[in-house]
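In what follows, every chain begins at residue 1, and chains take the letters A, B, ... in the order their sequences are listed.
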There are 2 protein chains.
Amino acid sequence: MKVLFVEDDLLLGDGVETALRREGHQVTWLTEGESVLEHVEQGQAEAVILDLGLPGIDGMEVLRRIRAAHDIPVLILTARDSLEDRIQGLDAGADDYVLKPFDVDELQARLRAISRRQGGRTQPSIRVGPLHIDHARHEVSWKDRLVKLSRREYTLLHELAQHPGQVFTRPHLEKLLYGCSDEIESNALEVHIHHLRKKLDSNLIVTLRGIGYRLDDTIE
Amino acid sequence: MKVLFVEDDLLLGDGVETALRREGHQVTWLTEGESVLEHVEQGQAEAVILDLGLPGIDGMEVLRRIRAAHDIPVLILTARDSLEDRIQGLDAGADDYVLKPFDVDELQARLRAISRRQGGRTQPSIRVGPLHIDHARHEVSWKDRLVKLSRREYTLLHELAQHPGQVFTRPHLEKLLYGCSDEIESNALEVHIHHLRKKLDSNLIVTLRGIGYRLDDTIE
DNA sequence: AAAAAACTTAACGATGTCGTCATGGGCACC
DNA sequence: GGTGCCCATGACGACATCGTTAAGTTTTTT
């Protein structure tokens with residue numbers, strides 16, 4: 001999961017970042033709050049961990065702005081003694097809070113909890129017509145038949161299924177698979193799409209020439 | 001873990017009770033607050049989940065009485081808009097609170113969190129098909145036959161059995177075994193998995209290439 | 001102190017996965 | 001209808017991951 005992590009303490013931040021990465025997350029770590037909204041608006045995050053005690057900026061205000069326009073889980077970090085902050089934070093739309101000093105494992109657990117809860121429901125599984133993705137089990141079925149997907153195939157499909165019907169640009173999908181590293185000069189993406197079509201249904205993924213791909217959410 | 005659950009809403013209560021039982025807890029569900037103290041005093045509970053919005057009785061008062069005499073984790077349920085309740089609740093000694101409407105998974109997570117803080121024990125017994133783990137005894141049986149596991153093997157299996165069917169990433173499991181220390185560059189994890197398969201059933205633990213492992217909860 | 005158990009590490013083969021390429025097809029625009 | 005361009009497809013070699021065995025080291029038991 002793409003996590004936006006905002007923390008000005010370098011030592012603490014480094015530790016948490018490492019822990020999050022080790023858990024398999026894709027972490028962007030900011031040491032100040034200015035560009036948080038920017039990142040969120042660019043769709044660079046699926047969850048935000050926000051330290052309310054940032055210097056020079058009102059973390060609470062950042063939180064409110066995020067919440068005003070985006071439906072993204074936000075977890076706030078706050079000092080143990082600032083009860084007011086906690087309550088205010090939750091009222092401003094934070095999904096959860098963790099008290100400093102905290103246990104990294106608990107942070108991870110809560111991160112999982114809030115991201116799973118997104119969309120109101122506890123349902124960690126996605127359905128698009130005959131397609132069913134159970135993210136917790138990392139399993140995909142098509143018309144109630146289990147289909148084995150490789151890691152890249154799964155990542156790709158899962159991303160597309162996040163917003164069925166919506167177009168995902170090629171650069172976006174390529175970055176998803178290959179990180180921020182240099183662009184690869186090959187048709188690897190097309191090949192993976194091809195494999196997905198073969199394993200599922202050739203009409204499930206729609207090509208938009210020159211743009212990208214999208215999941216057909218009207219499929220029967 | 002023995003959980004005392006106090007909630008007057010029958011529909012909600014039923015769902016939560018089922019979820020808690022599924023997690024392996026031993027649940028006592030009360031729909032009124034009168035006998036809460038009684039249960040606690042008889043040692044019938046290791047944790048309390050208390051709805052503050054009970055009709056006809058002051059939940060806060062119940063909370064204070066529990067706290068006055070017992071060192072037992074208490075998690076309160078409260079409506080999103082009752083700011084006063086929350087602050088009072090925490091001041092009265094609640095270990096955490098969950099806002100209604102809430103996600104059952106989060107409730108579970110918080111329950112684990114507060115009971116761990118307490119130094120409490122986890123759930124006594126887990127069953128997944130023919131697999132049975134008695135955490136109190138630190139014993140594992142397969143098809144009613146006792147199996148001797150080493151420490152690492154047990155830790156690994158116990159973690160997987162915490163959420164049968166769910167994928168656990170390799171980094172997660174490695175961290176479980178080897179702590180936060182630097183990444184180990186050996187296949188120790190695979191070896192332990194191998195030993196577990198040999199001692200139990202080779203199909204019990206499913207490999208997800210490039211991702212991690214999970215327990216097959218559909219096993220006969 | 002000796003023996004047993006548990007653990008780590010290494011090695012290697014089997015298999016799965018991935019990126020790349022070559023080729024051919026189809027869409028768009030003129 | 002021709003001409004590029006973009007995409008689909010199948011094949012293949014390079015590489016990564018995993019299972020398994022075995023040897024060596026540490027820890028615990030006797």
Figure out the [atom1]/[atom2] separation between [X] and [N], and round it to whole Å.
X	N	atom1	atom2	value
B:K199	C:dC7	NZ	C1'	12 Å
A:H192	C:dG16	NE2	P	17 Å
B:L156	C:dT8	CG	P	11 Å
A:R152	C:dG16	CZ	P	18 Å
B:L157	C:dA6	CG	C1'	17 Å
A:E174	D:dC6	CD	C1'	13 Å
B:K148	C:dA4	NZ	C1'	10 Å
A:L196	D:dT9	CG	P	12 Å

- Query: When every nucleotide of nucleotides 11-22 of chain D is labelled 5' to 3' by its protein contacts under 4.0 Å (heavy atoms), B for base, S for sugar-phosphate only, - for none, what sequence of letters results?
  - Reply: -----BBBBBB-

- By ring-ring contact (aromatic ring centres under 6.0 Å, His included), which residues pair with A:H158, not counting sequence neighbours? A:H135, A:Y154

Side chain to side chain contact (heavy atoms under 4.5 Å, CB included) against [X], all qualifying residues, sequence neighbours excluded:
X	answer
A:L11	A:D9
B:H39	B:L4, B:T28, B:L30, B:S35, B:Q44
A:L177	A:R152, A:T155, A:L156, A:L189, A:H192
B:V16	B:F5, B:L12, B:L20, B:F102, B:L107

- Numerically ordered, the residues 160-167 of chain A set in heavy-atom contact under 4.0 Å with DNA chain C is none

What residues, two or more places apart in sequence or in another chain, satisfy side-chain hydrogen bond (donor to acceptor under 3.5 Å, both in side chains) together with [X]?
X	result
B:D201	none
A:E61	A:R64
A:R197	A:T207

- What bend angle does the helix from C:dA1-D:dT30 to C:dC30-D:dG1 show across its length, from five-pair end axes and to the nearest 10 degrees? 40°

- Task: Respond yes when some side-chain nitrogen or oxygen of B:S186 is under 4.0 Å from OP1 or OP2 of C:dT9, and no when none is.
- Result: yes

- Item | Phosphate OP1/OP2 of C:dC7: any B:S150 side-chain N/O under 4.0 Å | yes

- Nearest-nucleotide wise, let me know which of B:E153 and A:L149 is further upstream toward the 5' end of DNA chain C. B:E153

- Message: One pair to check against side chain to side chain contact (heavy atoms under 4.5 Å, CB included): A:I76 and A:V48. What are the steps and the verdict?
- Response: CA-CA 8 Å; A:I76 57 179; A:V48 181; over 6 Å; no

- Taking every non-hydrogen atom, the tightest pair across A:G33 and A:V6: CA-CG1, 4.4 Å

Return all side-chain donor-acceptor pairs below 3.5 angstrom for residues 138-145 of chain B, not counting sequence neighbours, or 'none' if the list is empty.
none

